[in-house]
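Following: one structure in structure tokens, then a few remarks.
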Amino acid sequence: MEETWRWFGPDDSVTLENVKQAGATGIVTALDHIPTGEAWPLEDILERKALIESYDLEWSVVESVPLHNDIKTRSGDFERHIANYCTSLENLGKAGIKRVCYNFMPVVDWTRTNLDYELPNQSNALRFDMSDFVVYDVHILQRPGAEESYSQEMLERAERRFGEMSEREKAGLEANIIAGLPGGEGSYDRAGIAEAIAEFSALGTEGLRANLIAFLKDILPTAEKAGVRMAIHPDDPPFSLFGLPRVVSTADDARALINQAPSPSNCLTMCAGSYGARADNDLVAMIREFGPHIEFVHLRNIKREADGSFFESEHLDGDNDIVGIINALLDEEARRRGSDSEFGRIAMRPDHGHTLGDERGRADVRPGYSFGGRMKGLAELRGVIHALTMTRG
Ligand code: DNO
């Protein structure tokens, strides 16, 4: 497996030198200075690639080439945005960058309610708390009809919780949910998010899925020609937020998207933390079923609670069977060794990590993306990969 590391570009406080020290060989990054919906110029891609290569690292995966909301709703200026998207893929192909991660989440990219959830050992983790989310949706945002999305019991809990929260806590919760997390797309204010939700709410699940398939059919011929594989990231969390549809949350969703737009470039990102936040997703079975389409893996663990809440646990201690997941990925790599595919090795990155030691409370440390926490995760995962590889002979 290829060990990669998410790097947020030249402004990242975790430097390319640090990545070398952590021992990863591949970089996962994006051109965040290009506004969503515009084409990525070849020059900018080559400049970023040269910088990465000057550290003897490889730009392995683009995460992400984001999709403009107009593409997701298939309205407004979507045709121009799709044409720009194709130009970006052509330019990435020319630069020799072959894997692109993207997502099709409506309105909000990955979402957490708490960015410094304290663990018993005093490190900080990311958490999604269902009752806090309901507090935001029902009492702060006051989305019309929000109550219909939740059970009576959950509404009562949220009401109690809202009554106990200080103004500062409410503002913090709102910022965590709508201001955008590292690498996420879009940052909203309250009026902006209400408007975006209204835009998506008429679509329904099959409408959103149809827009995803239509987008794939528009771009896959270009991706194939450019030699680029499109690895869709699942919904995080993998269930409806703000009453909106989600179409990349389950094995059925992944199967539909692969079957409805057949192409070697139509691929998946196996994000263990996202798919794994649902107890009904069997990740090992999914890797066995979708193996040939998996080009990128986020290895992360979570502990789930009955109401849908979860927090990001130690990489090897949680509800995900990380050893089983890695084993299934190694089986897929072994299968690929029999073919002459240039995609023989699957790119993995340690996804998120706890904030440890003197990185705690530092403003330049991105939630989930501390150096120490990810390095610890990578070291543990590397140990598993190594041990399983050795026992296979
Ligand atoms: C969170 C990430 C997401 C993801 C994008 C993919 O840590 O996994 O930001 O990169 O949603 O498009």
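All ligand and atom numbering here is 1-based and tracks the order in the structure. Not measured: the values here are computed from a predicted model.
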List the closest protein heavy-atom neighbour of [atom]: residue, atom name, distance to the nearest 0.1 Å.
atom	answer
atom 3 (C) of ligand 1	W110 CD1, 3.5 Å
atom 2 (C) of ligand 1	R6 NH1, 3.5 Å
atom 4 (C) of ligand 1	E63 OE2, 3.2 Å

Under 4.0 Å from a heavy atom of [X]: give me the atoms of ligand 1 that qualify, with their elements.
X	answer
M105	11 (O)
Y369	1 (C), 2 (C), 7 (O)
Y102	12 (O)
D109	3 (C), 5 (C), 9 (O), 11 (O)
S64	5 (C), 6 (C), 12 (O)
R349	8 (O)
H298	8 (O)

Exercise for the section: Consider only side-chain heavy atoms of I, L, V, M, F, W and Y, link residues closer than 4.5 Å, and tell whether L46 and W40 are in one cluster. Expected result: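 No, it is not one cluster - the side chains of L46 and W40 are not joined through contacts under 4.5 Å.
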Exercise for the section: Identify whether L119 and F310 are in the same connected component of the hydrophobic contact network (ILVMFWY, side-chain heavy atoms under 4.5 Å). Expected result: no
Problem - Any donor-acceptor pair under 3.5 Å from D253 side chain to S249 backbone - result: yes
Handout entry: Donor-acceptor under 3.5 Å (D364 side chain, S13 main chain)
Key =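 Between the backbone of S13 and the side chain of D364 there is no qualifying donor-acceptor contact (under 3.5 Å).
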Location of contacts on [X] toward ligand 1, heavy atoms closer than 4.0 Å:
X	result
N103	both
F104	neither
R300	neither

Problem - Minimum non-hydrogen distance to atom 8 (O) of ligand 1, winning option of H352, H233, R366, R112 - result: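 Comparing heavy atoms across H352, H233, R366, R112, the nearest one to atom 8 (O) of ligand 1 lies in H233.
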Problem - Any E312 heavy atom less than 4.0 Å to ligand 1 - result: no
Return yes if a side-chain donor-acceptor contact under 3.5 Å exists between [X] and [Y], otherwise no.
X	Y	answer
D44	H33	yes
D218	Y85	no
S309	D307	yes
D129	T113	no
E380	H315	no
T15	N18	yes

